[in-house]
Amino acid sequence: MDSPHSPALVSWLHLEEEQSVSYLEFEEKLATWLTELAPVEADDIELSFTKPPKPEMGDLAVAAFDLAKKARRNPAEVAGEWKSAVEAALAAESGLPDWMDVPVTEVRTAGPYLNLRLDAASLARRVVREIVEERTDYGRQPENSGRKIMLEYSSPNTNKPLHLGHVRNNLIGMSLSNLLSAAGHEVVRVNLVNDRGIHICKSMLAYERFGNGETPESCGEKGDHFVGRYYVLFDQKMKEERAGYAKSHGVDLERFSKDAKKELEGDELKARNKEETEFDERFDKESELLGAAREMLRRWEAGDETVLELWNRMNGWVLGGFKQTYKRMGSEFDHWYYESQTYQLGKDLVEKGLGLGVFEKHDDGSVWAKLESKKLKDKIVLRSDGTSVYMTQDLGTSVMKHEDFGAERSIYVVGSEQQHHFKVLFAILELLQFPWASGSYHASYGLVTLPRGMGRLKSREGTAVDADDLLDTLHEIAAAKIREGGYAEGDKAIEAAAEMIGQGALKLYILQVSPEKNIQFDPKETIAFTGDTGPAVQYSHARIHGIVRKGIEQGLLTESDVDGGFLSLDSAPVHLLEEDEERDVIRRLADFGKVIATSAENLTVAPVANYLLDLTKAYARMYHEHPVLGAASAELMKARVQLALCVAQVLRNGLAVLTIEAPERM
RNA sequence: GCCCCCGUAGCUCAGUUGGAUAGAGCGACGGUUUCCUAAACCGUAGGCCACAGGUUCGAUCCCUGUCGGGGGCACCA
């Protein structure tokens, strides 16, 4: 790689540059160095390291398959020559390259593989130094990508409270923002609130008719649950009306029930289904309640003041409730968009697109996007009555978002059920020739389903697992566990710990699963707190701080020893850490930056979550085998304390990406 | 009918972007406690990586097909 600096400047910068090289960059340099030594010209081959299957085989492995293929030779033979070349370079009189502050101490071949062993003491010193110097920045890449990335997530409807699906959405959105920011990008987090439409009018109408002027304050209810209750009430009243309608029209609704249909087959079933849709269509047209809701929407769009006033009041209640939940979960946004303010925007765009031939007006006045060239079905963008649809609104908002922030990439965190919508959206944006359209990306994720028989966590509204209920339940279970085990004292401390642990359990449980997969959500497993769980990671972190406290108590360490959170680099001889379990932990600590970088490239935080679980286990093994405070010498004790503190720092940094708190005591 | 995603231990999930002997947790069975928090550690059992072809020196990973599960293909959002 060419340096942008002149040779003189580089030499002047030398010391500083060397220090700022992260372990991640060290591995990259090592890879290019190896490429140059390869017995086959390999400029076009990108070497990547893997881990040998067994630790005693070495620290890094490279396969010679690609080289061998290029030279049409035997891989093992190529590896053998390669090994000789590397050994010669290591033994050269000119010494090792300046950047190689962790020397390669051994090169071995195992068939087609080249296994390298790194000097353990140097590696320990280097990794520990990097962590101690960078602390919360360890694993982060400098903010030099020059890329601004916009992330839209959460996107709630203001007619009912947040549910389990929103929880996954928020967790993915929050953690992905943190991850991309850690990878050196500038991130803008945006929430597009869906605060308008017929569903909003339903809860408004129910409130207007049956609310008797009560408010969230008057009945001590969280605003979003309050409004959600009326949304459910609307549905109930609709069902009642439907039943009455059926009766007065001589239709037996029992005929449409699942039980009744179970006995039908083929044409009979088809006929019955048709009968049902026809009935529903008729009822739809004639329903008094639905008609009133539609009328309300018309008045809303016409700017009717009483409707707008009610809408404002109820939206305020819901948003107030959402903000409480967001705050509790740690969800933050840089900017909020409201559909009520953006839903008209797309119309101008459509006008413009008509000129470009992207859209086409039909005889009935409706306007369609022509998508044949993208191998998609045409999509309506303006109804025959001139009103806009979801797609129109999203087109407008996309343009507005880009005008406001000019992000190079725009990521939409939205469930996989909307894959088709985004495929169409991006296709239209491209046809409209927005240069930034290709930077659009749908970060899709799967559903969260419950195992059957899980009624306990169903929401107050009875439709889905309510987010607040879920957080409360986890909190309570954690609190009970803490009381039982006597892990904390005082109500305040118990409550605080319970909240951290309950959320840690939930967040890690959800984030460790790859986003594209559906999650089978089993609350029991989430709050087990043992094994591969968030609390286990948090617990490791807390115990490390417990060790330091104990060390000070026992007079083995002084307050000033660990003044800055770590021991000083001089006082902790980490090169003494030679046990297998210690080396394993050090190697894992070194890998953190790579995990962050590749996870960011792949737009998923799941590997970060799994990395933390693995690090936790590796640490537990080490801790179990090798006493820290009871180490054979004071020197070794300090080295182990330092390593433990490094583990705690990396756990903390990783948990921070996942928006999980790292408690110092539990 | 067409499109997208998923299928790995009894259950819930990882799997270094195609490489060496496929890994965890839970559950089961057995062990470890005068020792820094047992919310722990160690061991045993448990696998045709859904199935069948193909590409490749090499496939859990890529391609095609079949089966199974989920989601979608609105003048709903």
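Convention: sequence-line order gives letters A, B, ...; per-chain numbering from 1.
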When the C1' atoms of B:C3 and B:G10 are compared, how many Å lie between them, rounded to an integer?
35 Å
Measure from the side-chain heavy atoms of A:Ala620 and tell me the nearest of B:C13, B:A39, B:A40.
B:A40
Round to the nearest Å and state the distance from A:His626 atom NE2 to B:C41 atom C1'.
12 Å
Given that A:Lys423 and A:Arg665 both sit by RNA chain B, which one's nearest nucleotide is further toward the 5' end?
A:Lys423
Measuring only the P atom in each nucleotide, how far is B:C6 from B:U44? A whole number of Å is fine.
34 Å
Should the side chain of A:Lys54 and the base of B:U21 be counted as holding a donor-acceptor pair, with the cut-off at 3.5 Å?
yes
Residue pairs meeting salt bridge (charged side-chain N to carboxylate O under 4.0 Å, His left out), one or both in residues 629-641 of chain A, sequence neighbours left out, come to A:Glu582-A:Arg640
Measuring only the C1' atom in each nucleotide, how far is B:G69 from B:C76? A whole number of Å is fine.
26 Å
Quick one: A:Asn610 CG to B:G15 C1', roughly how many Å, whole number?
9 Å
Sorted by chain and residue number, the salt bridge (charged side-chain N to carboxylate O under 4.0 Å, His left out) partners of A:Glu77 (sequence neighbours excluded) come out as A:Arg73
Between C1' of B:G43 and NE2 of A:His624, the distance in whole Å
13 Å
Is any N or O donor-acceptor pair between the side chain of A:Tyr539 and the base of B:A40 shorter than 3.5 Å?
no
Sorted by chain and number, sequence neighbours left out, side chain to side chain contact (heavy atoms under 4.5 Å, CB included) with A:Phe65 holds for A:Ala63, A:Pro75, A:Pro112, A:Tyr113
Could you give the distance separating B:G43 and B:C63 at their P atoms, to the nearest angstrom?
38 Å
Residues of residues 545-556 of chain A with a heavy atom under 4.0 Å from any atom of RNA chain B, listed by number, are A:Ile547, A:Lys550
Donor + acceptor pair across side chains of A:Gln393, A:Thr397 (<3.5 Å):
yes
Taking everything shown except A:Arg294 itself, do over 12 heavy atoms lie less than 6.0 Å from its CZ?
yes
Given the P atoms of B:G71 and B:U56, what is the spacing between them in whole Å?
39 Å
Quick test: give all pairs of protein nitrogen or oxygen and nucleotides 24-28 of chain B nitrogen or oxygen below 3.5 Å, distance rounded to 0.1 Å.
from: B:A24; atom 1: O2'; to: A:Asp532; atom 2: OD2; distance (Å): 2.9
from: B:A24; atom 1: O2'; to: A:Lys617; atom 2: NZ; distance (Å): 2.0
from: B:G25; atom 1: O4'; to: A:Asp532; atom 2: OD2; distance (Å): 3.2
from: B:G25; atom 1: O2'; to: A:Asp532; atom 2: N; distance (Å): 3.3

Is A:Phe65 stacked on the base of B:C57, with ring centres under 5.5 Å apart and planes under 30° apart?
no
If you write RNA chain B from 5' to 3' in dot-bracket form, with Watson-Crick or G-U pairs under 3.5 Å, [ ] for crossing pairs and | for pairs with another strand, what do you get?
(((((((..((((.....[...)))).(((((.......))))).....(((((..]....))))))))))))....
For A:Phe49 and for A:Lys517, locate the closest nucleotide of RNA chain B by heavy-atom distance; then report the residue assigned to the nucleotide nearer the 5' terminus.
A:Lys517
Basic-acidic side-chain contact under 4.0 Å: A:Glu106, A:Arg108:
yes
Tell me: OH of A:Tyr619 to P of B:U37, nearest whole Å?
10 Å
Atom-to-atom span, CE of A:Met637 to C1' of B:C35 - whole angstrom
16 Å
Could you tell me which residues satisfy side chain to side chain contact (heavy atoms under 4.5 Å, CB included) with A:Lys51, sequence neighbours excluded, listed by chain and number?
A:Arg587, A:Asp591
Nearest whole Å is fine: how far is B:C13 P from A:Gln512 CD?
9 Å
Scan A:Asn115 against the nucleic acid and name what it touches under 4.0 Å (heavy atoms): base, sugar-phosphate only, or nothing.
base
So what does A:Ala61 touch, heavy atoms closer than 4.0 Å: a base, only the sugar-phosphate, or nothing?
base
Suppose you measure atom C1' in B:G18 against the same atom in B:U12; what distance do you get, rounded to whole Å?
28 Å
Specify the separation, in whole Å, of atom CD of A:Glu516 and atom C1' of B:G7.
12 Å
NZ of A:Lys51 versus C1' of B:U21: gap in Å, rounded?
18 Å
Under 4.0 Å, heavy atoms only, any strand: does A:Pro52 hit a base, just the sugar-phosphate, or nothing?
base
Tell me what A:Ala536 touches on the nucleic acid: a base, only sugar-phosphate, or nothing, going by heavy atoms under 4.0 Å.
nothing
Scoring nucleotides 69-77 of chain B by protein non-hydrogen atoms under 4.0 Å (B base, S sugar-phosphate only, - none) yields -SSSSSBSB
Within 6.0 angstrom of A:Glu372 CD, more than 12 heavy atoms from elsewhere:
no
Can you say whether the rings of A:His545 and A:His541 are parallel (under 30°), tilted (30 to 60°) or perpendicular (over 60°)?
tilted
Under 4.0 Å, heavy atoms only, any strand: does A:Ile519 hit a base, just the sugar-phosphate, or nothing?
sugar-phosphate
Between A:Arg543 and B:A38, does any side-chain N or O lie under 4.0 Å from OP1 or OP2?
yes
Is A:Ser444 touching bases, backbone alone, or none of the nucleic acid, heavy atoms closer than 4.0 Å?
nothing
Euclidean distance for C1', B:C51 against B:A40 (whole angstrom):
42 Å
Partners passing ring pair (Phe, Tyr, Trp, His ring centres under 6.0 Å) against A:Phe359 (at least two apart in sequence or in another chain)
none
Just jot down the ring pair (Phe, Tyr, Trp, His ring centres under 6.0 Å) partners of A:Phe592, sequence neighbours excluded, or say none.
A:Tyr611
Distance check: side-chain N/O of A:Arg621 vs OP1/OP2 of B:C42, anything under 4.0 Å?
yes
Whether the A:Tyr390 and A:Gln418 side chains hold a donor-acceptor pair (N or O, under 3.5 Å, no angle test) is what I'd like checked.
yes
Pairwise side-chain contact, A:Ile428 with A:Val424, heavy-atom cut-off 4.5 Å (strictly under):
yes
So, is A:Ser514 close to the B:A14 phosphate, meaning a side-chain N or O under 4.0 Å from OP1 or OP2?
yes
Using atom P in both nucleotides, what's the gap between B:A59 and B:C5 to the nearest angstrom?
24 Å
Hey, is the side chain of A:Tyr487 poking within less than 4.0 Å of OP1 or OP2 on B:A39, counting only N and O atoms?
yes
Only counting residues at least two apart or in another chain, list the ones meeting ring pair (Phe, Tyr, Trp, His ring centres under 6.0 Å) with A:Tyr337.
A:His335
Under the ring pair (Phe, Tyr, Trp, His ring centres under 6.0 Å) rule, collect the residues that match up with A:Trp300, sequence neighbours excluded.
A:Trp311, A:Tyr343
Side chains of A:Tyr539 and A:Thr616: do they bring a donor and an acceptor to under 3.5 Å?
no
Using only heavy-atom distances, determine whether the side chains of A:Ser340 and A:Asp195 contain a donor-acceptor pair under 3.5 Å.
yes
How would you label the contact of A:His362 with the nucleic acid (heavy atoms, under 4.0 Å): base, sugar-phosphate, or nothing?
nothing
